[in-house]
Colleague: 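Sharing a structure with you now.
Just so you know, these numbers use all the heavy atoms, side chains as well, and skip hydrogens, waters and symmetry mates. So you know, we letter chains A, B, ... as the sequences are listed, proteins then strands, and number each from 1.
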Amino acid sequence: MSRQYITTAIDYANASPHMGHVMEKILADVCARWFRLRGDEVRFQIGMDEHGIKIQETAAKQGLTPAALVEKMAPVYRDLYGRLGISEDVFVRTTDRDAHWPTVIELWKRLETSGALEKRSYAGLYCVGCERFYTAKDLVDGKCPLHLTVPQEVKEENWFFLLGRETAWLQEALAKEYRIIPEQRAHETFSLLDRGLEDVSFSRPRSSLEWGIPVPGDEGQTMYVWCDALTNYISGIGLLTDHAQPEWWDDATVTHVIGKDIARFHALIWPAMLKHAGVTLPDRLLIHGFLTSEGQKMSKSIGNVVSPEEVLAHVDGNADVLRFYLSHEIPVGNDGDFSWKRFDELYDAKLRNQLGNLLNRVLVLLRKGTEGELAIGPHALSPDVERQWTSYRTAMDAFELQDALQAAWSLCVSGNVFIDTHKLWTKKGEEKTKELSALAELLRHVSLMLLPFIPRTAQRMARQLHLPYADRMLAKDFVITDEMKAWGGVADWKRVGEPEILFPPLGK
RNA sequence: CGCGGGGUGGAGCAGCCAGGUAGCUCGCGAGGCUCAUAACCUCGAGGUCACAGGUUCAAAUCCUGUCCCCGCAACCA
């Protein structure tokens with residue numbers, strides 16, 4: 001048994017959750033659930049990034065203090081994730097002075113002690129209207145493209161993290177210890193490294209960034225996002241404090257699940273920070289792509305933004321449908337598309353027809369004229385189940401979620417074909433019980449395979465099948481044992497329960 | 001010469017890293033079945049795998065070049 005520590009990026013409390021946030025949480029949740037089901041000890045962490053200038057600005061616009069804004073936003077995210085069935089163990093917030101700040105402050109001190117930080121003055125072209133810096137090439141005729149004013153030259157003091165000199169070390173670390181998944185995403189990172197890295201600004205003067213963690217020993221400066229937000233991955237387990245749980249870092253497989261937009265920060269800045277703080281590197285970086293909408297980038301001006309709430313409303317709040325869509329449609333690491341047509345199509349073809357209908361026809365047949373008694377014995381379908389378990393396992397362990405779902409669905413197809421070719425509705429007596437019991441057993445295996453992806457549906461299936469373990473399936477300590485994976489492996493399972501429609505037709 | 005991804009039957013995608021009868025979902029056509037949520041099963045039509053060269057007994061798959069589409073381009077989470 002191994003120990004798995006899995007994290008997602010923490011969400012910025014500036015705006016409402018969108019499909020990108022949801023996709024990432026679902027991906028990580030499927031992995032976390034799989035780790036638990038295969039018997040690993042798991043700690044799954046998500047959270048909120050609640051500092052920064054944008055939070056200050058948004059709060060001001062809404063007539064709130066930054067603190068009030070983040071207090072408002074955190075429950076919005078937590079509520080949504082709860083409905084989506086995200087099974088996190090820890091929810092970190094960067095405004096948490098007890099849980100988060102001590103690690104951050106100690107980390108900063110260590111970076112400074114190790115000589116990785118340096119205070120410099122930073123000169124740039126600042127547009128008062130935009131409240132931001134521009135580089136010369138961003139300007140149009142020397143003017144801000146938005147306000148058409150000439151930016152002022154502003155000089156400010158910043159702490160810099162000396163990342164530039166870490167290039168060679170990072171090349172080695174990324175080749176050996178800290179793996180990027182999928183591999184194609186690693187190319188990008190290596191090409192960045194080949195061109196050499198620059199030092200990064202790690203703080204801002206308090207006058208321009210107030211809402212954040214003060215730099216220890218230099219109260220006139222506020223930490224910029226890197227040292228604050230990235231550090232959540234170790235503050236959540238208390239590293240660098242007196243309540244550290246180092247077993248979750250040093251003696252665990254650490255996986256960061258993040259989007260491709262922030263891959264470079266996680267692949268470059270984060271390991272360099274850890275090195276200077278004397279903390280070992282994480283094990284892997286699982287990078288996912290972005291979601292387009294109807295083939296185009298989601299954008300407010302195109303008006304094709306799809307909100308998670310909208311999708312949930314479309315399926316009466318059944319989050320499993322969204323979980324299934326994202327897991328099935330978006331290959332891990334690639335960009336994917338959200339299309340309503342495809343969403344409905346998949347709902348009908350896979351969930352409603354192939355899966356739901358199969359369960360229904362098996363249960364109805366099995367109970368016709370009897371109490372639904374089972375007699376599971378050796379059967380022609382059992383080698384197929386065994387084979388699909390093997391490919392399912394291999395796929396799940398390699399984060400190839402689509403292939404794993406494919407394994408489960410191919411069992412459904414086998415089931416439907418078997419009923420048809422053997423005309424099971426014409427069978428009577430013992431033969432009927434024997435054949436249909438095999439179909440019920442097949443569905444039991446399907447339900448177990450679906451458990452990480454669509455947990456509530458898997459449990460509903462198990463309840464209809466009247467499985468003894470059905471009520472325990474969603475518990476975090478529920479493990480899929482070898483017996484459960486074996487054909488006829490549940491000895492005290494004697495009969496099936498009442499059939500019930502798993503996925504009703506949409507729009508009615 | 002900024003970086004990266006992509007161009008495969010009507011639509012959306014997999015296959016490419018480790019060359020060897022081109023696969024999946026939806027749609028379409030014909031038939032079957034009637035247990036089931038008008039669901040299920042079988043068969044079929046439809047592709048010069050962007051284009052041009054090259055390597056090879058053999059290329060969607062490796063190499064070179066061209067065209068087109070899409071992201072990113074650093075303090076914008």
Side-chain angles (χ1 to χ4, degrees), chain A residues 9-15 20-21 24 48-49 51-54 122 124 130 132-133 135 137-138 158 160-161 163 182-192 194-195 197-204 224-226 229-230 258-266 268-269 289-290 292 295-297 328-331 333-337 339 341-342 344-346 348-368 400 402-403 406 409-410 412-413 415-427 432 436 439 499-506 508:
Chain A
I10 51 177
D11 299 322
Y12 202 46
N14 189 42
H21 294 119
E24 176 173 292
M48 306 285 300
D49 174 8
H51 287 138
I53 294 171
K54 275 197 181 171
Y122 171 77
C130 302
R132 57 162 281 194
F133 284 94
T135 59
K137 67 171 181 176
D138 291 329
N158 280 200
F160 274 79
F161 180 66
L163 186 65
E183 231 166 284
Q184 50 155 338
R185 291 276 167 218
H187 298 326
E188 217 165 354
T189 307
F190 280 106
S191 87
L192 278 175
D194 287 342
R195 281 179 286 158
L197 300 173
E198 284 179 26
D199 298 337
V200 287
S201 171
F202 250 44
S203 76
R204 282 289 168 75
Y224 193 63
V225 59
W226 315 120
L230 288 169
I258 57 156
K260 64 178 184 178
D261 55 330
I262 53 175
R264 60 180 60 186
F265 312 128
H266 284 74
L268 305 173
I269 301 178
F290 282 172
T292 54
Q296 285 180 297
K297 185 176 177 172
H328 186 274
E329 283 302 285
I330 322 297
N334 289 339
D335 288 347
D337 187 47
S339 139
K341 180 166 168 278
R342 183 71 182 146
D344 289 351
E345 216 171 77
L346 216 53
D348 280 333
K350 299 276 179 174
L351 294 177
R352 200 159 75 82
N353 298 348
Q354 284 184 317
L355 177 69
N357 182 53
L358 175 63
L359 177 69
N360 202 240
R361 66 197 297 215
V362 168
L363 291 182
V364 168
L365 281 173
L366 202 46
R367 291 177 59 91
K368 202 158 271 185
E400 278 153 13
Q402 286 185 309
D403 293 348
Q406 185 55 46
W409 250 269
S410 97
C412 291
V413 171
N416 276 318
V417 170
F418 193 88
I419 294 177
D420 233 74
T421 51
H422 295 267
K423 297 190 185 302
L424 292 197
W425 57 90
T426 65
K427 305 295 182 198
K432 171 193 156 188
L436 284 163
L439 267 297
E500 194 184 291
I501 298 294
L502 215 46
F503 294 99
L506 284 177
K508 88 166 228 210

Colleague: Under a 4.5 Å cut-off applied to non-hydrogen side-chain atoms, are A:R361 and A:N416 in contact?
Modeller: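 Yes, close enough: below the 4.5 Å cut-off.
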Colleague: Using Watson-Crick or G-U wobble geometry with both distances below 3.5 Å, tell me the partner of B:rC33, or none.
Modeller: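 By the stated definition (distances under 3.5 Å), nothing pairs with B:rC33.
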Colleague: How far does the C1' atom of B:rA45 sit from the matching atom of B:rG2, given to the nearest Å?
Modeller: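 The answer is 47 Å between these two C1' atoms.
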Colleague: Return the minimal non-hydrogen interatomic distance between A:Q354 and A:W409, and the atom names on each side.
Modeller: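 That closest heavy-atom pairing would be OE1-CD1, 3.1 Å.
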Colleague: In whole angstrom, what separates A:D344's CG from B:rG27's P?
Modeller: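 Result: 12 Å.
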Colleague: Once you round it to whole Å, what is the distance between P of B:rA74 and CG of A:L163?
Modeller: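 Taking CG of A:L163 and P of B:rA74, I get 16 Å after rounding.
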Colleague: For the C1' atoms, the ones on B:rC63 and on B:rC72, what distance do you get once it is rounded to whole angstrom?
Modeller: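 Roughly 27 Å separates the two C1' atoms.
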Colleague: I need the CG-P distance between A:D11 and B:rA77, as an integer number of Å.
Modeller: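 Checked: the CG to P distance equals 13 Å.
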Colleague: Hey, does A:L439 have a side-chain heavy atom less than 4.5 Å from the side chain of A:L366?
Modeller: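 No, too far: nothing below the 4.5 Å cut-off.
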Colleague: Expressed as a whole number of Å, how far does the P atom of B:rA18 sit from that of B:rU64?
Modeller: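 About 15 Å, rounded to a whole number of Å.
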Colleague: Nearest whole Å is fine: how far is B:rA14 P from A:E329 CD?
Modeller: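 Whole-Å distance recorded here is 10 Å.
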Colleague: When rounded to the nearest Å, what value does the distance between C1' atoms of B:rC67 and B:rG9 take?
Modeller: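 My reading of the C1' atoms in B:rC67 and B:rG9 gives 23 Å.
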Colleague: Taking atom C1' in both B:rA11 and B:rA36, compute the distance separating them and give it to the nearest angstrom.
Modeller: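 About 29 Å, rounded to a whole number of Å.
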Colleague: A side-chain contact here means heavy atoms from C-beta on lying under 4.5 Å apart; do A:F202 and A:I269 qualify?
Modeller: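 When only atoms from C-beta onward are counted, A:I269 and A:F202 do touch, with a gap below 4.5 Å.
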Colleague: Paired with B:rG9 by Watson-Crick or G-U wobble geometry, both distances under 3.5 Å: which nucleotide is it?
Modeller: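 When the pairing criteria are applied, nothing turns out to pair with B:rG9, so the answer is none.
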Colleague: Rounding to the closest angstrom, what is the interatomic distance between B:rC1 and B:rC49 at atom C1'?
Modeller: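 One C1' to the other, the span is 30 Å.
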Colleague: Please work out whether the ring planes of A:W226 and A:Y224 are parallel, tilted or perpendicular, with thresholds of 30° and 60°.
Modeller: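 Judged by the thresholds at 30° and 60°, the geometry between A:W226 and A:Y224 is perpendicular.
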Colleague: Might you point out which heavy atoms bring A:I258 and A:A263 nearest each other, and give the distance in Å?
Modeller: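 Of all heavy-atom pairs spanning A:I258 and A:A263, the closest is CD1-CA, 3.4 Å.
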Colleague: For the pair made of CZ in A:F202 and P in B:rC75, what is the distance, rounded to whole Å?
Modeller: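 Distance, rounded to whole Å: 15 Å.
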Colleague: On RNA chain B, compare the nucleotides closest to A:H266 and A:L197; which residue's is nearer the 5' end?
Modeller: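 So the residue in question is A:L197.
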Colleague: Reckon A:K341 touches a base, only the sugar-phosphate, or nothing at all at heavy-atom distances under 4.0 Å?
Modeller: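 Nothing: the residue A:K341, judged by heavy atoms under 4.0 Å, touches no strand.
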Colleague: If we take the C1' atom in both B:rA50 and B:rG31, what is their distance in whole Å?
Modeller: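 Comparing C1' positions in B:rA50 and B:rG31 gives a spacing of 38 Å.
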Colleague: Once you apply the 3.5 Å cut-off to both distances, tell me the Watson-Crick or G-U wobble partner of B:rC49, or none.
Modeller: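 Base-paired to nothing in any strand shown.
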Colleague: Using the P atom as the reference point in each nucleotide, state the distance between B:rU25 and B:rC62 in Å, no decimals.
Modeller: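 It works out to 26 Å between them.
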Colleague: Could you run through nucleotides 28-41 of chain B and give me one letter per nucleotide, 5' to 3': B if any protein heavy atom sits under 4.0 Å from the base, S if only the sugar-phosphate is that close, - if neither?
Modeller: ----BSSBBB-SBS
Colleague: Which part of the nucleic acid, if any, lies within reach of A:F265 when heavy atoms closer than 4.0 Å are counted: base, sugar-phosphate only, or nothing?
Modeller: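 Contact class for A:F265: none.
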Colleague: Taking a pair as Watson-Crick or G-U wobble with both distances under 3.5 Å, which nucleotide is matched to B:rC62?
Modeller: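 Answer to the pairing question: B:rG54, which forms a Watson-Crick or G-U pair with B:rC62.
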Colleague: I need the NE2-P distance between A:H328 and B:rG12, as an integer number of Å.
Modeller: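 The answer, rounded to whole Å, is 17 Å.
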Colleague: Would you confirm whether A:E24, through its side chain, and A:A9, through its main-chain N or O, come within 3.5 Å as a donor-acceptor pair?
Modeller: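 Yes, because the side chain of A:E24 sits within donor-acceptor range (under 3.5 Å) of the backbone of A:A9.
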Colleague: Looking at B:rG71, which nucleotide sits across from it as a Watson-Crick or G-U wobble partner, both distances under 3.5 angstrom, or is there none?
Modeller: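 B:rG71 is paired, partner B:rC3.
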Colleague: Under 4.0 Å between a Lys/Arg side-chain N and an Asp/Glu carboxylate O for A:K54 and A:D49?
Modeller: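 A salt bridge is absent here (no side-chain N lies under 4.0 Å from a carboxylate O).
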Colleague: Atom NZ of A:K350 and atom C1' of B:rC26: how far apart are they, to the nearest Å?
Modeller: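 Going from A:K350 (NZ) to B:rC26 (C1'), I get 10 Å.
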Colleague: If I compare all heavy atoms of A:A229 with all of A:I10, which pair ends up nearest, and what's the gap?
Modeller: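 Closest pair (atom of A:A229, atom of A:I10, distance): O-CD1, 3.7 Å.
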Colleague: In whole angstrom, what separates A:K54's NZ from B:rC75's P?
Modeller: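 The answer, rounded to whole Å, is 12 Å.
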